[in-house]
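Have a look at the structure below before the remarks.
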Amino acid sequence: MKMFRFRISNTVVGALNILSLLLGLAAVATSAYIHIRGGSDCQKVLQYPLLIGGIFVVIVSGLGIAGSLFGINTALYSYLLVTFLVVVGLAFFTVFAVFVTNRGVGKQISGKGYGEYKVADFSHWLQRYVVNEENWDEFKSCLMDAHVCQNLAFNGGRNNDSLIFKHLSTTQAGCCKPPVYCGFTMKNATFWEVPKSGLASNNSDCATWNNRQDKLCYDCNACKGGVLANIRNQWRHLTVFNAFVLVLVTVIYAMGCYAIRNNRMDSRIEHP
């Protein structure tokens, strides 16, 4: 009968993998819930990534638990191989995220408290693969599901945007109102009129604006620029988080190596 010996590295690796196992099961359950109950187009986009990611985490966590807590070195070797690949992948993604987010200068609107962005302000990779024509409909669906423009309702109808738009997000600045350079006259937060003198610019975004709540400026270049600015900001925060996770996974990898050594020592003691 195999004797259980308390090893700190094995216990820590096992405990962390039990936690990740629960997270993986939660992801699979969420994917199943979306499939059974249905949902918006935005939610359905997450269905398969959650399922695949959850199954991957469950399998890898199972290997880690079997190897660290039950002394199965074959499982632990497999776990360490996958962990090493994850470390390499995280390092690559961190460098890549810094590279693709190092550009993006929006035009600050004097006195308004927000900036307006254009797609050309961002890296070619973000332009080509994030807001291309193929997936923009999904982005619009997510924006509508999130009601990003509904909280701009205006009381009293005063023609003064300093109170309404002072703290707009980059997405709201691009999608929920016409660009400032178009010269529209504001009637309320989401209703604008062309001035009698006509539009101040012949930019395509000016003609794209529509006061309908399901249209607004969702098809504007400015909206895509605002979404890209938001993604850029999130990726910059994600880069910091990624660096922390990279250190954590590297520590787990090192503990896994110690766990293998512990398993070998236990095996020698039981089978001298």
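Everything numeric in this text was worked out from a predicted model, so none of it was measured.
- Using a cut-off of 4.0 Å between Lys/Arg side-chain N and Asp/Glu carboxylate O, K118 and D121 are scored as not salt-bridged.
- Side-chain atoms of S31 never come within 3.5 Å of backbone atoms of A27 as a donor-acceptor pair (strictly under, hydrogens ignored).
- Atom CG of D219 and atom OG1 of T208 lie 7.0 Å apart (nearest 0.5 Å).
- The closest side-chain heavy-atom distance from L228 to V131 is below 4.5 Å.
- Between K177 and E116 there is a salt bridge, since at least one side-chain N of the basic residue sits less than 4.0 Å from a carboxylate O of the acidic one.
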Working for side chain to side chain contact (heavy atoms under 4.5 Å, CB included), residues L16 and I252: CA-CA 9 Å; L16 290 174; I252 294 174; 3.6 Å; yes
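- Contact record, R236 with T101: NH2-O, 2.6 Å, taken as the closest heavy-atom pair.
- For the cysteines C217 and C223, the sulfur (SG) atoms lie at a distance of at least 2.5 angstrom from each other.
- D137 places no side-chain N or O within 3.5 Å of a backbone atom of K140 that could act as its donor or acceptor partner.
- Between the CD1 atom of I8 and the CE atom of M255 there is a distance of 8.5 Å, given to the nearest 0.5 Å.
- When all heavy atoms of F56 and V82 are compared, the closest pair comes out as CZ-CG1, 3.7 Å.
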N/O donor-acceptor pairs under 3.5 Å from side chains in residues 237-245, not counting sequence neighbours:
unit_1	atom_1	unit_2	atom_2	d
T239	OG1	W235	O	2.7
N242	ND2	T94	OG1	3.3

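- Under a hydrophobic-cluster definition in which Ile, Leu, Val, Met, Phe, Trp and Tyr are linked whenever side-chain heavy atoms come within less than 4.5 Å, directly or via other members, Y33 and L23 are assigned to different clusters.
- The cluster map of Ile, Leu, Val, Met, Phe, Trp and Tyr, joined by side-chain heavy atoms under 4.5 Å apart, puts V60 and L81 in different clusters.
- The side-chain contact (heavy atoms from CB on, under 4.5 Å) search around N202 returns none, not counting sequence neighbours.
- Looking at every heavy atom in both residues, S123 comes nearest to V100 through OG-O, 3.1 Å.
- Aromatic ring centres of W125 and F99 lie farther apart than the 6.0 Å criterion allows.
- The two residues G226 and T170 have their closest heavy-atom pair at O-OG1, 3.0 Å.
- In this structure, the side-chain hydrogen bond (donor to acceptor under 3.5 Å, both in side chains) partners of S61, at least two apart in sequence or on a different chain, are S20.
- Using a 4.5 Å cut-off on side-chain heavy atoms (C-beta onward), V130 and F139 make contact.
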Steps toward side chain to side chain contact (heavy atoms under 4.5 Å, CB included) verdict (N221, S204): CA-CA 8 Å; N221 182 281; S204 61; 5.6 Å; no
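- For the residue pair N262 / S9, a side-chain donor-acceptor distance below 3.5 Å is found, with atom types taken as modelled.
- Counting only heavy atoms from C-beta outward, the side chains of L246 and V87 approach each other to under 4.5 Å.
- With rounding to the nearest 0.5 angstrom, the CD atom of Q127 is 11.0 Å from the CG atom of N132.
- By the criterion of side-chain heavy atoms lying less than 4.5 angstrom apart, applied directly or through intervening Ile, Leu, Val, Met, Phe, Trp or Tyr residues, V88 is grouped together with Y253 in one hydrophobic cluster.
- K224 forms a cation-pi arrangement with W136, by the criterion of a distance under 6.0 Å to the ring centre and an angle within 45° of the ring axis.
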Worked check of side chain to side chain contact (heavy atoms under 4.5 Å, CB included) between N210 and L216: CA-CA 5 Å; N210 192 309; L216 299 180; over 6 Å; no
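- A donor-acceptor pair under 3.5 Å is formed between the side chain of D205 and the backbone N or O of A222.
- With values rounded to the nearest 0.5 angstrom, L80 atom CG is found 11.0 Å from L85 atom CG.
- Taken together through direct or relayed side-chain contacts under 4.5 Å among Ile, Leu, Val, Met, Phe, Trp and Tyr, F84 and L90 form part of one hydrophobic cluster.
- Side-chain atoms of Q172 come within 3.5 Å of backbone N or O of S169 as a donor-acceptor pair.
- The CZ atom of F122 lies 5.5 Å from the CZ atom of R232; values are rounded to the nearest 0.5 Å.
- Side-chain atoms of T185 and W192, non-hydrogen and from C-beta on, never get closer than 4.5 Å to each other.
- Put simply, CD1 on I18 and CD1 on I65 are 5.0 Å apart, with the number rounded to the nearest 0.5 Å.
- Taking the side chain as every heavy atom from C-beta outward, R212 and Y218 never approach each other to under 4.5 Å.
- Counting non-hydrogen atoms of neighbouring residues, nucleotides and ligands closer than 6.0 angstrom, the OH atom of Y258 reaches no more than 12 such neighbours.
- Closest approach of L76 to I260, counting heavy atoms only: CD2-CG1, 3.3 Å.
- Using a 4.5 Å heavy-atom threshold, the side chains of V28 and L50 count as separate.
- Note on L69 and L19: separate hydrophobic clusters, where clusters join Ile, Leu, Val, Met, Phe, Trp and Tyr whose side-chain heavy atoms are under 4.5 Å apart, directly or indirectly.
- Across all their heavy atoms, V227 and C175 have their closest contact at CG2-SG, 4.4 Å.
- Under 3.5 Å, the side chains of N17 and Y79 contain a donor-acceptor pair of N or O atoms.
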CA sep, side-chain torsions, deciding dist, call: C206, C182, disulfide bond (SG atoms under 2.5 Å apart): CA-CA 6 Å; C206 302; C182 293; 2.0 Å; yes
